[in-house]
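Contents: one structure, followed by commentary.
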Amino acid sequence: MRLPQISRDTRFTLEHAGAYVGDLITPTLRLGVTGLSRAGKTVFITALVKCLCEGGANPPFARLSGIEGLRAYLEPQPDDDVPRFQYEDHLNALQSEPPHWPQSTRRISELRLTLEWPSRGGLFEFLGLSQRLHIDIVDYPGEWLIDLALLDQSYQEWSQHALYTVQRPVFSALAKPFLEFLSTVDPEGVADEQVAIRGAELYTQFLQSARNSGTPYAGLGPGRFLLPGDLEGSPQLTFFPTKTEGGAVESESLLALLERRFASYRKNIVKPFFEAHFSRIDRQIVLVDVLSALNGGAEGLRALEDGLEGVMRAIRPRSESWLAYILGRRIDRIAFAATKADHVHRNAHRQLEDILSKSVSRAAKRAEAAGSAFQCIALAALQATTDVHKDIQGEHLFGVRGIPEAGERIGGRTFDGSRGAVVFPGDLPEDALDAFDEDRARPEHFGFVKFRPPTLERREAGAQVNAWPHIGLDKAFAFLFEDHLP
């Protein structure tokens, strides 16, 4: 049966009504992107948006190849009170001459990416409308994610965990000034503002030193101690972990003061972030610098493992907590990505994923228990190197060629940031468990360096587009969004 002829005005009205209804029923996925400092969050988002909106991904996104007529574009973000992710500025940094890495995440930001493809059948096809998917990308510091675990902890519980971490051998030298100060403090003594200020300063210095040293520090916080923003100097950031015996606390004691400050931090800083942003996340990707952890040996990897369990505790709180009750089962796909996969030969990518899988094994159990799909991926959102294979005196050596950043060193060689070099970073263990074994782990065998971004070549494909080399970006996209594609 043929549809009756309708007037141009009627059709115009139907089209606009259909467009309005289409906007109402367009599914929206909120993707949380996080990771600790220098894990590559900004580059990941920039690369994902660039490859979808402008093309040029090398290798291409196989999942999209069969969707005829698909296009991607940016739209105004829906949350007017959240800063926009400065995609254009970050892309310009990577495509400048010479290229340079964009500034890392220091605050929350957001970007709306829309995928659109022709409808096949139904009223939408009759009206000439397309199907769409909004992807709201929420970028936030990983330190803020760690803070969510504080909502389910008392000051005593947080202090116990923080002091256990601070006293680990991997942090011994960095934590010495704070621990020496702590040995002079009497928590049961009279509250002293100057003691609270000094303790917070020393604890913050320890956190900053751990971050800047390359030592694995995942799970250490509070996050706003590292990224205070306009809260710098606030009493809400003036507390530190200390030994507690439990039991009653004198109201005028230093311990009581520290407990109040901790409670204010949870109530006025962490909880509003959770309620306004994190509780609305549908999908999550956590970027992890596994190679830096390997440089710390078995102890470094165990510290990373503990930290990543803390990340998952924040994403999936234990079932009896009030936070779990509010969150429900909302985040249904979680990806952990081992970044800087281009710092090792492609033959080592499987080992890199295995080490990450071992590092997040406890976290994975939390995800699976909550009904979330879970995947580990070796990732370089912008590949800065090419693979090299050499046979030297019968030995097979696998390395990478790129331009190390100025000041990077391997052995006695210091790079000037202008010349290319071949780097043989060492062989990752075939069995991931060996990396966590104190007797078998050999961090001195690794030679990882930081590389400059590549100079992006231009190629013709109808119009000029930048070829964008990457490792695993297509896999991350497919895992996070494939179930919403035709």
Side-chain angles (χ1 to χ4, degrees), residues 27-36 39-41 44-45 47-48 63 105 108 110 113 133 135-149 151-152 218-219 223 273-274 277-290 293 304-319 321 323-339 341 352-379 381 432 471-485:
T28 298
L29 287 177
R30 289 180 66 83
L31 171 67
V33 180
T34 196
L36 299 178
K41 300 180 294 296
F44 169 79
I45 296 172
L48 181 65
R63 181 60 183 85
T105 300
I108 192 169
E110 187 178 354
L113 172 68
L133 170 66
I135 301 175
D136 292 342
I137 303 173
V138 183
D139 174 34
Y140 59 93
E143 291 82 1
W144 295 13
L145 176 62
I146 295 298
D147 275 358
L148 291 182
L151 291 173
D152 205 29
F273 167 69
F274 162 74
H277 304 294
F278 189 77
S279 63
R280 299 162 58 201
I281 296 295
D282 301 296
R283 305 279 162 94
Q284 178 71 52
I285 182 167
V286 181
L287 308 182
V288 185
D289 185 358
V290 176
L304 178 66
E305 185 178 21
D306 289 344
L308 291 176
E309 186 183 18
V311 168
M312 188 55 65
R313 190 182 302 115
I315 294 176
R316 290 294 180 194
R318 60 178 184 263
S319 58
S321 72
L323 182 57
Y325 176 77
I326 296 176
L327 261 180
R329 299 170 60 89
R330 187 164 180 78
I331 300 178
D332 57 0
R333 292 200 179 198
I334 304 169
F336 278 86
T339 59
L352 186 61
E353 289 180 346
D354 288 348
I355 293 171
L356 177 60
S357 295
K358 172 63 176 69
S359 299
V360 301
S361 58
R362 285 180 282 167
K365 291 179 181 178
R366 289 180 177 272
E368 293 166 356
S372 297
F374 184 90
Q375 186 168 343
C376 289
I377 301 166
L379 177 73
I471 297 169
L473 191 62
D474 52 339
K475 294 180 182 178
F477 171 82
F479 172 71
L480 291 168
F481 305 115
E482 63 185 354
D483 58 321
H484 280 260
L485 297 176

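Note that these values count all heavy atoms, side chains included, but never hydrogens, waters or copies made by symmetry. Sequence positions, counted from 1, serve as the residue numbers for this chain. The shown structure was predicted, so the numbers you read here are calculated from the model rather than taken from an experiment.
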**Report entry** Separation of I377 CD1 from L473 CG (nearest 0.5 Å)
**Finding:** 9.5 Å
Requested in this report: Indicate yes or no for a side-chain donor-acceptor contact from D354 to the backbone of A432 under 3.5 Å, with no hydrogens or angles considered.
Outcome: no
Query - Contacts of A378 that satisfy side-chain contact (heavy atoms from CB on, under 4.5 Å) - sequence neighbours left out - result: A341, H349, L352, E353
Query raised in the report: Is the side chain of K41 donor-acceptor paired with the backbone N or O of V33 at a distance under 3.5 Å, no angle test?
Result: no
Query - Qualifying residues under side-chain hydrogen bond (donor to acceptor under 3.5 Å, both in side chains), relative to K358, sequence neighbours excluded - result: E305
Query - Heavy-atom pair with the smallest gap, counting every atom of P27 and L133 - result: O-CD1, 3.5 Å
Requested in this report: Answer yes or no: is there a donor N or O on one side and an acceptor on the other, between the side chain of R283 and the main chain of L480, under 3.5 Å?
Outcome: yes
Query raised in the report: Given side chains that start at C-beta, do those of F336 and V290 come closer than 4.5 Å, heavy atoms only?
Result: no
Requested in this report: Please step through side-chain contact (heavy atoms from CB on, under 4.5 Å) for the pair F481 and I135, ending with a clear verdict.
Outcome: CA-CA 9 Å; F481 305 115; I135 301 175; 3.7 Å; yes
Query raised in the report: Measuring from D139:CG to I137:CD1, what's the distance to the nearest 0.5 Å?
Result: 9.0 Å
Query raised in the report: Do R333 and F479 meet the cation-pi criteria used here (NZ or CZ under 6.0 Å from the six-membered ring centre, within 45° of the axis)?
Result: yes
Query raised in the report: Does some side-chain heavy atom of V288 sit less than 4.5 Å from a side-chain heavy atom of S359?
Result: no
Query raised in the report: Can you name the residues that form a side-chain contact (heavy atoms from CB on, under 4.5 Å) with D474, not counting sequence neighbours?
Result: P59, F61, H470
Query raised in the report: Mind checking whether H277 and E110 have side chains closer than 4.5 Å, heavy atoms only?
Result: no
Query raised in the report: Between atom CG of L287 and atom CD1 of I45, what is the distance when rounded to the nearest 0.5 Å?
Result: 8.5 Å
Query raised in the report: If only atom types and distance count, is the side chain of D282 paired as donor or acceptor with the main-chain N or O of R30 below 3.5 Å?
Result: yes
Query raised in the report: With side chains defined as the heavy atoms from C-beta onward, is the minimum distance between T339 and F44 less than 4.5 Å?
Result: no
Query raised in the report: Out of curiosity, I334 CD1 to I281 CD1, how far, rounded to the nearest 0.5 Å?
Result: 11.5 Å
Report summary line: Rounded to the nearest 0.5 Å, the CD1 atom of I285 sits from the CG atom of L48 at a distance of 8.5 Å
Report summary line: Value for OG1 (T34) from CG (L31), rounded to nearest 0.5 Å, stands at 11.0 Å
